[in-house]
Amino acid sequence: MDGPDPRMIQLVMTLRGGGVTDFGVLAAIERTPRDLFVPGRFVDQAYDNRPLPIDCGQTISQPFIVAHMTQALELDDRCKVLEIGTGSGYQAAVLSRLSRRVYTVERYRTLSREAEARFEMLRLSNIVTRVGDGTVGWPEQAPFDRIIVTASAPGRPVEILAHLKDGGIAVAPVDRDGKQFLVRYERSGATFTEEDLMEVRFVPLIKGEARAL
Ligand code: SAH
């Protein structure tokens with residue numbers, strides 16, 4: 001490497017300007033080359049602060065949203081994290097630098113395989129992938145300290161939230177009034193406190209495993 005990529009410096013400045021103040025999160029973004037996570041034809045836009053298309057008709061989230069969701073999780077290196085919706089693997093890669101282990105579920109086998117290859121290339125050995133339906137969480141590995149859902153659910157994702165530890169934090173986009181809101185949940189016993197963070201636009205969370213791809 002020939003020093004930091006100026007496009008990366010610009011992106012991190014944009015995120016800071018947008019209210020991402022956690023230095024750990026900014027450092028994790030800075031150490032994660034987004035160009036490795038986007039299709040070849042979009043590499044020149046990899047450091048733009050916008051979502052981009054990936055295989056299987058899905059999208060890699062906007063860096064600003066990745067940073068905000070990560071910041072809202074208040075991670076530390078003891079956290080066992082569940083992600084629903086691996087997609088490109090970019091969000092999982094960022095999370096992996098701030099937590100003990102990341103368990104990530106994706107319904108498209110193609111996307112999961114591609115993400116896994118990227119984790120290997122970046123030597124991110126604390127990410128566990130799985131192909132399947134994330135609407136039911138990951139029962140064999142539950143409970144989790146943190147949960148992040150990166151596809152939008154039609155209502156509070158109760159089955160997934162059931163896998164959150166007491167005192168744990170989750171973030172998820174939820175459909176409401178024809179819009180989507182990023183919601184932060186914090187568990188205290190059987191009670192979940194709920195806070196809207198911002199309006200967002202995610203692909204839908206789809207029940208069941210994908211047949212093809
Ligand atoms: N976190 C991703 C962005 C994911 S886009 C990234 O950093 O690139 C949302 C992803 O959720 C898509 O890949 C979609 O296939 C997946 N998805 C949708 N419903 C799902 C389900 N029920 N279980 C697992 N993955 C699901």
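Residues: numbered from 1 along the sequence shown. Every number for a ligand or one of its atoms is a count from 1 in the order of the listing.
A donor-acceptor pair is defined here as one N or O able to donate and one able to accept, closer than 3.5 Å; no such pair exists between the side chain of Arg176 and the backbone of Phe181. Judged by distance alone, the side chain of Asp22 and the main-chain N or O of Gln71 form no donor-acceptor pair under 3.5 Å. Between the side chain of Arg187 and the backbone N or O of Gly189 there is at least one donor-acceptor pair closer than 3.5 Å. A donor-acceptor contact shorter than 3.5 Å is absent between the side chain of Ser112 and the backbone of Arg109. At distances below 3.5 Å, at least one donor-acceptor pair connects side-chain atoms of Arg34 with backbone N or O atoms of Ala46. A donor-acceptor pair under 3.5 Å is absent between the side-chain atoms of Ser152 and the main chain of Phe202, judged by distance alone.
The contact set between ligand 1 and Gly132, taken as ligand atoms under 4.0 Å from a residue heavy atom, comprises 23 (N), 24 (C). The Gln91 neighbourhood of ligand 1 comprises atoms 1 (N), 7 (O), with distances under 4.0 Å to a heavy atom of that residue. Residue contact check: Ser61 has heavy atoms under 4.0 Å from atoms 3 (C) of ligand 1. Within ligand 1, counting atoms from 1 as listed, the ones closer than 4.0 Å to a heavy atom of Val203 are 5 (S), 9 (C). Listed by atom number, the atoms of ligand 1 under 4.0 Å from Thr135 heavy atoms are 22 (N). Below 4.0 Å from some heavy atom of Thr59 lie the following atoms of ligand 1, by number and element: 3 (C), 4 (C), 5 (S). If you number the atoms of ligand 1 from 1 as listed, the ones under 4.0 Å from a heavy atom of Ser88 come out as 6 (C), 7 (O), 8 (O). Residue contact check: Gly134 has heavy atoms under 4.0 Å from atoms 21 (C), 22 (N), 23 (N), 24 (C) of ligand 1.
Of all protein heavy atoms, the one lying nearest to atom 22 (N) of ligand 1 is Ile206 O, 2.6 Å.
Considering both main-chain and side-chain atoms, Leu111 never comes within under 3.5 Å of ligand 1 through any nitrogen or oxygen pair. Some N or O of Thr150 is nearer than 3.5 Å to an N or O of ligand 1, by distance alone. Distances between N or O atoms of Tyr108 and those of ligand 1 include no value under 3.5 Å. For ligand 1, the polar-atom distance check against Ile60 finds no nitrogen or oxygen pair separated by under 3.5 Å. Looking at ligand 1, you'll find an N or O of Asp133 within less than 3.5 Å of one of its N or O atoms.
For the side-chain contact (heavy atoms from CB on, under 4.5 Å) test with Tyr90, the passing option among Leu95, Leu52, Val66 is Val66; the others fail.
Look at Arg7 and Asp35 and you find no salt bridge, because none of the NZ, NE, NH1 or NH2 atoms lies under 4.0 Å from a carboxylate O. Using a 4.0 Å cut-off between a side-chain N of Lys or Arg and a carboxylate O of Asp or Glu, Glu30 and Arg97 do not qualify as a salt bridge. Under 4.0 Å is where a charged nitrogen must lie from a carboxylate oxygen, and between Asp177 and Lys179 no such pair does.
Counting heavy atoms only, Arg107 comes closest to atom 20 (C) of ligand 1 of the residues Glu106, Arg107, Arg34. For atom 18 (C) of ligand 1, the choice among Gly87, Pro204, Gly85 with the nearest heavy atom turns out to be Pro204.
Between the CG atom of Leu75 and the CG atom of Leu73 there is a distance of 5.0 Å, given to the nearest 0.5 Å.
Under 4.0 Å from ligand 1, the heavy atoms of Thr86 that appear belong solely to its backbone. Contacts between Gln58 and ligand 1, counted as non-hydrogen atom pairs separated by less than 4.0 Å, involve the side chain only.
Residue contacts with ligand 1 do not include Gly208, since none of its heavy atoms lies under 4.0 Å from the ligand.
Between Thr129 and Glu116, the side chains place a donor N or O and an acceptor N or O closer than 3.5 Å (distance only, hydrogens not considered).
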